[in-house]
Amino acid sequence: MSILVVGSVALDTVETPFGRADDALGGSATFFSAAASLFGPVQLVGVVGSDYPTGALSFLAERGVDLSGLEQAEGESFRWSGVYSFDLNSRETLETRLGVFAEFQPKIPEGFRDAEWVFLGNIDPELQLNVLEQVHAPKFVACDTMNLWIDIRRDALMRLLGRVDLLLVNDGEARQLSGEHNLSLAARWILQRGPRYLVIKKGEHGAVLFTPHSVFFAPGFPLEDVFDPTGAGDAFAGGFMGYLAQCGRTDEGDLRRAVIYGSVLGSFAVEKFSVERFRDLSADEIEDRVRLFREMTVFELPVDAGV
Ligand code: AMP
């Protein structure tokens, strides 16, 4: 049930109203692995530069993240820096320094090619397609993308959509990709172009799962202490894929529960800087929050409703 993830492994400098972290562990593959490894084994493929403190990733290795597909290349690591507004809902990217990531050509190790569960983190869609050429017969492929690729790699992204089971994007990206302002219309547009399922993430307002025949809403978990939203989307993906891989099925009920596990892992990600909250996060804490989600959303119809 191993999950393969391909994505960025970065050093992030993040400023929020509550503080600042310099060169902290970041990147889509890092956040994804930190969350998904709480459910089962993960195989990570990415690249870092010669300056990367690879020892800092040992906590991932200790809990089952196979880092043998993490290449260390001569040069500078990928660095991203951003600053968040007071309400933490919007962020400005201050700098993206690609370093060795500019030349990244994912090489999937032979031992990873039988992966059944594949997450294509936010990288050039040409590279995401290239990863799919290297894996044998995945059971479920999910991918992420961002405004940059929708702008400059639309053709490749459209080809990719024809080959994945699920696309995970935020509301702005869904609107940009489809050209539809209305999210239901945007979802229909996207589902008609390939993926069987779509998750639209709406930050603190939750996430929505669209299938061809249904819509499922998960609220955002009402946290009182949000510290750093960086990586919430990738942690969501890690919780989502981790849960699916652990249960081994993708029926609608499984997908709905996966959205809740995604929301739970995303909610933990924002409680501390970087991947700090995942270091000692326990299975009990995850299950407690899943139960709180259920309590928040379940309701009874009045007995006389006739339904
Ligand atoms: P999220 O908050 O879920 O959107 O993820 C933020 C993470 O994505 C940060 O840790 C960054 O290092 C990483 N990131 C930012 N820009 C890029 C990019 N252009 N390509 C790959 N990863 C990126």
Side-chain angles (χ1 to χ4, degrees), residues 5-16 21-36 44-49 52 56-57 60 70 76-85 88-104 106 119-128 131 142-153 157 167-174 176 199-204 207 220 226-241 262-263 265-278:
V5 55
V6 183
S8 56
V9 179
L11 292 172
D12 290 348
T13 295
V14 178
E15 210 180 312
T16 80
D22 285 280
D23 275 355
L25 298 185
S28 58
T30 313
F31 280 106
F32 179 94
S33 303
L44 184 154
V45 172
V47 65
V48 292
Y52 204 86
L57 296 174
L60 291 177
L70 180 64
E76 221 197 348
S77 296
F78 174 60
R79 279 184 170 75
W80 174 82
S81 74
V83 58
Y84 286 86
S85 61
L88 295 170
N89 275 331
S90 59
R91 78 174 169 213
E92 187 191 342
T93 291
L94 297 178
E95 194 180 27
T96 303
R97 258 158 53 205
L98 292 177
V100 294
F101 199 51
E103 304 297 321
F104 180 45
F119 180 66
L120 304 169
N122 166 30
I123 55 175
D124 185 333
E126 291 285 4
L127 299 184
Q128 293 173 312
V131 170
C143 77
D144 185 12
T145 192
M146 68 186 290
N147 52 359
L148 173 70
W149 309 124
I150 300 172
D151 260 349
I152 69 169
R153 290 277 192 279
L157 184 57
L167 173 70
L168 278 148
V169 281
N170 64 36
D171 43 0
E173 292 156 353
Q176 186 191 353
V199 170
I200 298 184
K201 296 166 290 175
K202 295 162 54 147
E204 67 171 329
V226 179
F227 206 74
D228 170 17
T230 310
D234 300 304
F236 179 103
F240 184 95
M241 291 294 280
S263 302
L265 274 292
S267 75
F268 281 119
V270 305
E271 288 182 343
K272 287 190 177 173
F273 270 123
S274 180
V275 288
E276 289 308 306
R277 186 63 180 90
F278 293 113

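Since this is a predicted model, take the numbers as computed values, not measurements. Indexing begins at 1, ligand by ligand and atom by atom, following the structure's order.
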TODO: Carefully, step by step, assess Phe273 and Phe227 under the rule ring pair (Phe, Tyr, Trp, His ring centres under 6.0 Å).
DONE: CA-CA 7 Å; Phe273 270 123; Phe227 206 74; 4.9 Å; yes
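- Scanning for ring-ring contact (aromatic ring centres under 6.0 Å, His included) contacts around Tyr84 gives an empty result, with sequence neighbours left out.
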Quick one: ligand 1 N/O to protein N/O pairs below 3.5 Å?
from: ligand 1; atom 1: 2 (O); to: Arg91; atom 2: NH1; distance (Å): 3.0
from: ligand 1; atom 1: 2 (O); to: Gly231; atom 2: N; distance (Å): 2.7
from: ligand 1; atom 1: 3 (O); to: Gly233; atom 2: N; distance (Å): 3.2
from: ligand 1; atom 1: 3 (O); to: Asp234; atom 2: N; distance (Å): 3.4
from: ligand 1; atom 1: 3 (O); to: Asp234; atom 2: OD2; distance (Å): 3.1
from: ligand 1; atom 1: 4 (O); to: Arg91; atom 2: NH2; distance (Å): 3.0
from: ligand 1; atom 1: 5 (O); to: Asp234; atom 2: OD2; distance (Å): 3.0
from: ligand 1; atom 1: 10 (O); to: Asp12; atom 2: OD1; distance (Å): 3.4
from: ligand 1; atom 1: 10 (O); to: Asp12; atom 2: OD2; distance (Å): 2.4
from: ligand 1; atom 1: 10 (O); to: Gly27; atom 2: N; distance (Å): 2.7
from: ligand 1; atom 1: 12 (O); to: Asp12; atom 2: OD1; distance (Å): 2.6
from: ligand 1; atom 1: 12 (O); to: Gly27; atom 2: N; distance (Å): 3.4
from: ligand 1; atom 1: 22 (N); to: Ser8; atom 2: OG; distance (Å): 2.8

Distance-only check: which donor-acceptor pairs under 3.5 Å involve side-chain atoms of residues 231-238, not counting sequence neighbours?
none

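- Under the side chain to side chain contact (heavy atoms under 4.5 Å, CB included) criterion, Ala29 pairs with Val5, Val9, Leu44, not counting sequence neighbours.
- Minimum interatomic distance between Phe101 and Ser8 (heavy atoms only, all atoms of both residues): CZ-CB, 3.6 Å.
- Thr145 contributes no side-chain N or O that, together with a main-chain N or O of Asn122, makes up a donor-acceptor pair within less than 3.5 Å.
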